[in-house]
Amino acid sequence: MRLKVFRHRQGMSEPRYDTFEMEAAPGMTVLSALFKIQEEFDDSLAFRYSCRGAVCGSCAMLINKVPRLACRTQLMPLLAGEQEISLSGYPAIGGPVSWDPKEDVLVEPLPHLPVICDLVVDMTRFFAFYRDIDPVFSPLDPDPEKERLMDPSDVRELELYTNCILCGACFAACPVDAKNPRFSGPAALASLYRFCIDPREGRRIERLKTADTPDGWWGCEFHANCRQVCPRGVPPIVAIGQARQEIKKQRKEGEEM
Amino acid sequence: MNVDEPVIHTHDVLIIGGGLTGLRAALSVFYAGLDGAVLSKVHPLRSHSVAAQGGMNASLANVPGEGSVPDSWEMHAYDTVKGSDYLADQDAVALMCREASATVRELEHMGMVWSRLDSGRIAQRPFGGAGFPRTCYAADRTGHNALHTLYQQVIARQIPVYEEFFATSLIVADGRCTGCTAIEIMTGKMHGFSARATLLATGGFGRVYSRSTNALINTGDGQALAFVAGAPLKDMEFVQFHPTSLFGTNILITEGARGEGGMLLNREGERFMERYAPESLDLAPRDVVARAIETEIAEGRGFEGGYVHLDLRHLGADRIRERLPGIRQIAIDFAGVDPIEEPVPIQPGQHYAMGGIDVGLDGAASLPGLYAAGECACISVHGANRLGGNSLLETVVFGRLVADAIVRDLPQYTVPQGDDAERAVSREDRRIDDILKKRGGEKAFSVKKELKDIMFSRFGIFRNAGDMEAGLTAITRLQDRFRTVSLSNSERGVNQALVRYLELEGMLILAEVVARGALARKESRGSHTRADYPKRDDDRFLAHTIASMSERGIEISFRPVSLGMFSPKERAY
Ligand SMILES: Cc1cc2nc3c(=O)[nH]c(=O)nc-3n(C[C@H](O)[C@H](O)[C@H](O)COP(=O)(O)OP(=O)(O)OC[C@H]3O[C@@H](n4cnc5c(N)ncnc54)[C@H](O)[C@@H]3O)c2cc1C
Ligand code: SF4
Ligand code: FES
């Protein structure tokens with residue numbers, strides 16, 4: 001098989017694709033293939049990594065035109081066509097690249113974020129949206145002596161969203177983020193929703209309203225790419241839908257009062 | 001190459017490391033009204049702490065034990081000391097266990113989502129070596145939930161975080177540590193960080209071993225930085241092997257899986273722990289279970305390739321989905337096995353470093369101005385073997401307490417004067433240029449691979465003098481070969497080969513420290529198991545191993561353990 005890898009660093013007038021031939025051993029992931037390249041063929045190849053176990057969120061990249069974690073994506077199933085995900089309304093990035101899905105695995109940086117070097121992108125904008133939602137627990141009541149009590153079923157719903165590892169895959173897969181640079185994006189909105197449904201949180205309604213804007217809850221066009229690509233099973237689209245419902249309900253109650 | 005002016009950042013307190021320890025410490029420095037900053041070679045959320053699965057111990061007593069007595073910090077301390085094979089310092093253990101409940105609750109008050117009991121209280125599960133169900137958990141993503149919570153607290157306070165800065169040396173002037181130099185990975189520029197006090201919170205060194213459950217970035221940089229700067233290391237030969245890492249990638253399968261009822265089976269389908277730990281079975285402490293599995297494999301009762309089975313099927317699909325969702329996903333993604341349908345193939349893997357930078361109860365290293373906490377430090381709460389769930393606890397408890405100690409000590413440290421930081425930056429700049437200019441010779445990767453294999457085979461679960469002597473000779477040979485290693489990439493910016501080179505340099509030093517400590521300790525205790533000295537020897541070795549750097553090389557000495565409430569007994573489970 002061949003790994004076709006996007007290359008770009010400062011000083012290069014335009015990106016190029018390098019092709020590396022290798023044997024795909026069973027279980028071999030894209031991340032281990034990238035390490036193999038770095039160690040044996042070209043030590044200038046740049047990509048982020050840390051946990052190699054799909055928990056830290058470092059290694060999201062575009063693999064066969066789908067944002068995925070490199071450490072969790074195995075080569076053989078990709079070549080066998082088993083991991084196809086078709087994304088909606090999604091403009092492919094960069095120039096025309098030809099690749100043969102039976103022989104090649106195409107590896108490119110996450111779109112919608114500036115490339116620093118090869119597969120490493122500048123995540124500043126992604127994290128700025130996260131910061132903007134003020135992701136910090138703010139209870140109204142003073143801390144009790146022991147823990148605040150929580151219903152196990154509330155925890156289960158919260159966990160859907162606290163599972164987010166901020167990898168950016170959904171942000172890269174979102175057609176709205178591609179055309180609207182102000183749209184908060186699925187991950188930030190999912191994180192915001194996490195605070196809106198935490199029974200211990202003091203500013204739930206207020207928080208819900210902070211994204212009651214065209215670039216917040218209302219920016220989403222329900223392409224559902226976020227949910228499809230999320231490696232942690234987070235459903236930002238569900239959060240957004242429920243938040244909209246809640247806001248409509250609030251408005252109605254406001255009118256009735 | 002670097003013609004522009006050196007950039008020096010000045011803070012009261014510099015925290016190197018953005019894992020649980022570093023972030024918790026940053027909050028305390030902030031609460032004290034001081035200017036603290038965090039520096040990390042990866043974005044803080046990518047720190048290894050995020051991977052911790054099973055939980056954090058605290059004697060909340062939310063879940064009753066088997067007897068009528070409720071859990072208490074004293075029982076927690078007893079289990080910890082016994083688990084440590086009596087090598088832990090009992091004053092440090094008492095401090096940690098006493099602070100445990102407040103620490104778990106503090107995280108809850110910061111908004112961390114813990115799993116809950118029907119009563120609404122924080123859920124607790126049984127963990128190896130513990131007399132009570134004491135491990136508080138957030139499904140099997142405890143580290144993730146804790147780290148994200150602390151990160152949120154840190155960004156809310158706009159505490160400066162230098163992300164993707166790799167610390168290359170500590171600045172030492174007049175016998176005092178006054179900060180560090182660090183290369184900004186994305187640009188390749190060397191920066192100076194000048195601080196009145198510096199806290200190392202850089203985590204473990206698992207990646208010195210092949211077959212490790214640790215993140216790829218756990219290369220022990222902080223221990224090496226401290227050691228080279230003149231601060232001794234302690235108990236470095238005590239390396240924990242986790243019994244259950246996934247065959248192939250060695251990704252951890254949490255002890256929580258056995259806490260929930262998972263059973264270990266050999267090739268004959270036998271529940272072999274019945275022979276090794278008739279009382280606590282699969283939940284005996286890690287060192288006991290890891291040795292049992294290795295013995296099964298060595299005696300031909302493992303599967304081809306060297307693994308045994310962890311069977312969860314009897315727990316049923318619902319319980320697996322609810323309590324161990326992360327583990328199920330890992331087994332599916334990385335071994336192609338769904339634990340609901342098939343047993344999971346596992347083998348022991350390096351997991352945790354009990355040893356680290358030698359610090360006192362306040363976290364101070366012997367070099368003034370330098371402190372350490374978390375896995376990179378050895379305040380000695382784990383002794384010869386750490387109990388599961390005690391390390392996350394250590395990071396948050398001592399992240400706080402050591403930062404408090406720094407705040408207390410700070411008046412005695414003046415703002416560093418003079419141009420020591422500038423000089424250190426130019427020295428490190430030249431060093432990097434020299435590395436980038438090297439040509440020919442070997443590739444770093446082959447040296448690294450050999451090192452890891454030597455560590456696993458010679459300084460692994462079972463050790464003996466002959467193997468270890470051979471291992472030490474091989475390590476020193478690798479240190480020689482390393483001098484000829486060169487990189488092809490000679491760019492300054494985004495040069496990961498350079499980062500890897502700098503990590504490997506430190507790993508080769510730490511490997512030698514582990515080796516010399518293991519050879520000097522002629523007994524078996526906790527994780528350190530010697531076939532040639534199978535018994536614990538309290539007369540000679542109820543003592544910490546101290547490794548220091550002298551002109552003659554690495555020297556080993558011993559320092560007595562601080563005992564207390566519990567006197568050493570034989571450890572039976
Ligand atoms: C898979 C796994 C599961 C675990 N599960 C549990 C559990 O359930 N319960 C438990 O109690 N313990 C568990 N542990 C142990 C526990 O997770 C760790 O001991 C703990 O998280 C270490 O935290 P730390 O803050 O000391 O360091 P880390 O979280 O490792 O952070 C180190 C920080 O230092 C930075 N750093 C390192 N070197 C440099 C450098 N040269 N320059 C700049 N920055 C640097 C890194 O970027 C990082 O931010 C587990 C360990 C593993 C491997
Ligand atoms: S929601 Fe999923 S895809 Fe998006 S950042 Fe979080 S973990 Fe990644
Ligand atoms: S390396 Fe951590 S998610 Fe892939």
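Per chain, numbering begins at 1; letters A, B, ... match sequence-line order. Note that the structure is a prediction, hence the values are computed from the model and not measured. All values below were derived from every heavy atom in this structure, side-chain atoms included, with hydrogens, water molecules and symmetry-related copies excluded.
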Chemist: With a 4.5 angstrom heavy-atom cut-off, which part of A:Asn163 approaches chain B: side chain, backbone, both or neither?
Modeler: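 Both backbone and side chain.
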Chemist: Which bit of A:Leu31 is near chain B, if near means a heavy-atom gap under 4.5 Å: side chain, backbone, both or neither?
Modeler: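 Interface part for A:Leu31: side chain.
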Chemist: Which region of B:Ser212, side chain (C-beta onward) or backbone (N, CA, C, O), has a non-hydrogen atom less than 4.5 Å from a non-hydrogen atom of chain A, or is it both or neither?
Modeler: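 For B:Ser212, the contact with chain A is made by the backbone alone.
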Chemist: Show the nearest heavy-atom pair for residues A:Arg194 and B:Val113, with the distance to one decimal.
Modeler: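 A:Arg194 and B:Val113 have their closest heavy atoms at NH2-CG2, 3.6 Å.
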Chemist: Taking side chain as C-beta onward, heavy atoms only, is B:Met110 less than 4.5 Å from B:Leu27?
Modeler: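 They are in side-chain contact.
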Chemist: Side chain, backbone, both or neither: which part of B:Arg105 has an atom under 4.5 Å from a heavy atom of chain A?
Modeler: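 Looking at B:Arg105, just its side chain touches chain A.
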Chemist: At a heavy-atom separation under 4.5 Å, does A:Arg200 approach chain B through its side chain, its backbone, both, or neither?
Modeler: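 A:Arg200 touches chain B through side-chain heavy atoms alone.
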Chemist: For B:Asn214, is it the side chain, the backbone, both or neither that has a heavy atom under 4.5 Å from a heavy atom of chain A?
Modeler: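 Backbone only.
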Chemist: Find the one option among B:Val42, B:Ile122, B:Val50 whose heavy-atom pairs under 4.5 Å with chain A are most numerous.
Modeler: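 Heavy-atom pairs under 4.5 Å are most numerous for B:Ile122.
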Chemist: Give the member of B:Ala215, B:Ala335, B:Gly111, B:Gly143 that has the highest number of heavy-atom pairs under 4.5 Å with chain A.
Modeler: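 If we count pairs closer than 4.5 Å to chain A, B:Gly111 comes out on top.
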Chemist: For A:Pro144, is it the side chain, the backbone, both or neither that has a heavy atom under 4.5 Å from a heavy atom of chain B?
Modeler: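 Both backbone and side chain.
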Chemist: Could you check which of B:Glu106, B:Glu322, B:Arg500 has the highest count of heavy-atom pairs closer than 4.5 Å to chain A?
Modeler: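 Greatest number of close heavy-atom pairs with chain A: B:Arg500.
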Chemist: Counting heavy-atom pairs closer than 4.5 Å to chain A, which one of B:Gln152, B:Glu108, B:Arg46 comes out on top?
Modeler: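 Top count of heavy-atom pairs under 4.5 Å with chain A: B:Arg46.
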Chemist: At a 4.5 Å cut-off on heavy atoms, which part of B:Ala123 comes close to chain A: side chain, backbone, both, or neither?
Modeler: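 When you check distances to chain A, no heavy atom of B:Ala123 falls under 4.5 Å.
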Chemist: Between B:Glu163, B:Glu164, B:Lys448, which shows the greatest number of heavy-atom pairs under 4.5 Å with chain A?
Modeler: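 Sorted descending by pairs with chain A, the first entry is B:Glu164.
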Chemist: Using non-hydrogen atoms only, which part of B:His109 is less than 4.5 Å away from chain A: side chain, backbone, both, or neither?
Modeler: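 It is both, since atoms from each part get that close.
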Chemist: Can you name the nearest heavy-atom pair linking A:Cys71 to A:Gly53, along with the distance?
Modeler: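 What the structure gives for the nearest pair is SG-N, 3.9 Å.
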Chemist: With under 30° as parallel and over 60° as perpendicular, where do the rings of A:Phe47 and A:Phe35 fit, or are they tilted in between?
Modeler: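 The rings of A:Phe47 and A:Phe35 stand perpendicular, inter-plane angle above 60°.
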Chemist: According to the interplanar angle, ranging from 0 to 90°, do the rings of A:Phe6 and A:His8 count as parallel (below 30°), tilted (30 to 60°) or perpendicular (above 60°)?
Modeler: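 Tilted, since the angle between the ring planes falls between 30° and 60°.
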Chemist: Measure B:Leu117 against the heavy atoms of chain A and call it side chain, backbone, both or neither at under 4.5 Å.
Modeler: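 Looking at B:Leu117, just its backbone touches chain A.
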Chemist: Side chain from CB out, backbone as N, CA, C, O: work out which of these in B:Arg207 comes under 4.5 Å of a heavy atom of chain A, or both, or neither.
Modeler: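 When you check distances to chain A, only side chain atoms of B:Arg207 fall under 4.5 Å.
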Chemist: CZ of A:Arg227: more than 12 outside heavy atoms within 6.0 angstrom?
Modeler: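 Open: at most 12 neighbouring heavy atoms sit under 6.0 Å from CZ of A:Arg227.
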Chemist: For the residue pair A:Tyr130 and B:Tyr151, categorise the inter-ring angle as parallel (less than 30°), tilted (30 to 60°) or perpendicular (more than 60°).
Modeler: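 Parallel.
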Chemist: Given a strict heavy-atom distance threshold of 4.5 Å, which part of B:Ser119 is in contact with chain A: side chain, backbone, both, or neither?
Modeler: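 Backbone of B:Ser119 only, per the 4.5 Å heavy-atom cut-off to chain A.
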